[in-house]
Amino acid sequence: MGMNGGNDLQLVNLTKKYGGTLAVDKIDYHFKAGTYVCLLGPSGCGKSSTLRMIAGHESVTDGSIVLAGSDVTHLPPAKRGTAMMFQNYALFPHLSVRDNVAFSLQMKGVDKATRDAKSNELLELVDMTSFADRLPAQLSGGQQQRVALARALITQPKVLLLDEPLSALDPFLRIRMRAELKKLQRELGITFIHVTHGQDEALALGDELVVMNNAVIEQAGSARDVWSAPKTEFVARFMGGHNVISLDGGKAALRADDVSLGDQGLNATVTTVEYQGGNVAVTARIEAGEEVLALVPEAAFFQFPKNPGDTVNLAWDEGRLHRLQ
């Protein structure tokens, strides 16, 4: 169980309606304590509403939220044991970095010496000690983000909720911050629930992935399971890297890196070729009209390069076809 064994978060029949619109439809899910969970899906799938209900920033229409054995469904945000880090960081411009981090303790009436000490401790954790006396405007986006993270963590939450926290950063910084978030989560041992619409971000961060679509959970499980064994056409397409192929009376997913270009196999016409560094993505249309993506290792591709319009044969091992529901 470990020391956080009791800090599980359970969503029971959780529902959110905005007028006549169903945003979240009777979700049941058990978040295990101490895991990094990515909640992902396209815009409007219900992931942000779910996160905001867990945080207490959005009322629950029906169902309940149980954290560490207590029903927190109707508690105010500050009383639930969760903390939320927002997309736009929302730091107070007139307060120093130290006072921004200590703000929630000040609201609770903690004395200045105690809250400063706690704030300094957290700034050290996120590697921002030398910026303690600066104002937010004097920080870069990545630095502001670290301050926002420290501010969310100062309440010692059982669960940290992150709403697309990396979307405002440039790609290079985003990858660096991903590594830092993962490292922090491991060090703190608390549950992180991170909303994103990027499957690469979810795969890089999540021990566990919860894929939402149309207000429900389509599939959940370890990152590797969800990616390599999608259950539905939606998940196969959304996670990327898969072809969805019609078979007699059904559909199947086939990983793009399991498709090879050879002398045998299905006749197809190359439609696009995209160089991706280690791989070349070759899309070809088969006679039935479906497009199939092959991810070919770069060395193999350049031995026999192909161009749009060329005829190729697509082959794969039948055992690699994965039936969808």
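Remember, predicted model here, so these are calculated numbers, not experimental data. The first residue in the sequence is number 1, and the count goes up from there.
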side-chain hydrogen bond (donor to acceptor under 3.5 Å, both in side chains): pairs with one or both residues in residues 279-301, sequence neighbours excluded: S246-E290, T271-E291, T272-T283, R285-E291

Backbone N/O of L39 and side chain of K47: donor-acceptor pair under 3.5 Å: no

Whether over 12 other heavy atoms sit under 6.0 Å from N267 CG: yes

Test side-chain contact (heavy atoms from CB on, under 4.5 Å) applied to A220 - qualifying residues, sequence neighbours left out: Y29, V210, I217

Where at least one partner belongs to residues 45-79, residue pairs that pass ring pair (Phe, Tyr, Trp, His ring centres under 6.0 Å), sequence neighbours excluded: H57-F86

Short side-chain to backbone donor-acceptor contact, N243 and I245, under 3.5 Å: no

D25 side-chain N/O to V216 backbone N/O, donor-acceptor pair under 3.5 Å: no

Positive for side-chain contact (heavy atoms from CB on, under 4.5 Å) with C38, one of L209, L162, V195: L209

Side chain E218, main chain N213, donor-acceptor under 3.5 Å: no

Residues that Q185 engages under side-chain contact (heavy atoms from CB on, under 4.5 Å), provided they are two or more places apart: Y36, F192, D207

Considering all heavy atoms, the nearest A229-H322 contact: C-NE2, 3.5 Å

Side-chain (D310) to main-chain (N307) donor-acceptor, under 3.5 angstrom: yes

Main-chain N/O of L324 paired with E233 side-chain donor or acceptor, under 3.5 Å: no

CD on Q145 to CZ on R174, rounded to 0.5 Å: 10.5 Å

Modelled atom types, side-chain donor and acceptor of T191 and K32, under 3.5 Å: no

For K182 against L205, the heavy-atom pair lying closest together: NZ-O, 2.6 Å

Gap separating the CG atom of L105 from the CZ atom of R115, nearest 0.5 angstrom: 8.0 Å

Partner residues of L135 under the side-chain contact (heavy atoms from CB on, under 4.5 Å) criterion, sequence neighbours left out: Q138

Donor-acceptor pair, side chain of S228 and main chain of R224, under 3.5 angstrom: yes

Side-chain donor or acceptor of K16 paired with backbone N/O of S59 under 3.5 Å: yes

Where D28 and N13 come nearest, the two heavy atoms and their spacing: OD1-N, 2.8 Å

Qualifying residue for side-chain contact (heavy atoms from CB on, under 4.5 Å) with P136, from V147, L95, N100: N100

Residue list, side-chain hydrogen bond (donor to acceptor under 3.5 Å, both in side chains) with E201, at least two apart or on another chain: H194, T196

Test log, rule side-chain contact (heavy atoms from CB on, under 4.5 Å), inputs V24 and T61: CA-CA 9 Å; V24 178; T61 308; over 6 Å; no

N313, CG: over 12 other non-hydrogen atoms inside 6.0 angstrom: yes

Derivation of the side-chain contact (heavy atoms from CB on, under 4.5 Å) call for R98 and D133: CA-CA 6 Å; R98 184 184 292 107; D133 297 310; 2.8 Å; yes

For the student: nearest non-hydrogen atoms of S48 and D163, plus distance: OG-OD1, 3.5 Å

Heavy atoms of other groups near D317 CG, more than 12 under 6.0 Å: yes

SB check K118 E121 (cutoff 4.0 Å): yes

Donor-acceptor contact below 3.5 Å, side chain R80 vs main chain V72: yes

Q325 backbone acceptor or donor facing T232 side chain under 3.5 Å: no

Aromatic plane relationship, F302 with Y275 - under 30° parallel, 30 to 60° tilted, over 60° perpendicular: perpendicular

Inter-residue atom distance H30.NE2 - Q10.CD, 0.5 Å rounding: 5.0 Å

Audit row: T35, E208, side-chain hydrogen bond (donor to acceptor under 3.5 Å, both in side chains) steps and yes/no: CA-CA 7 Å; T35 46; E208 208 168 297; 4.7 Å; no

Heavy atoms of other groups near E187 CD, more than 12 under 6.0 Å: yes

Euclidean distance, R52 CZ relative to L161 CG, rounded to 0.5 Å: 11.0 Å

side-chain contact (heavy atoms from CB on, under 4.5 Å) partner of I65, the single match among T82, V12, V60, T50: V60

Rounded distance [0.5 Å steps], CD1 in I175 versus CG in D170: 9.5 Å

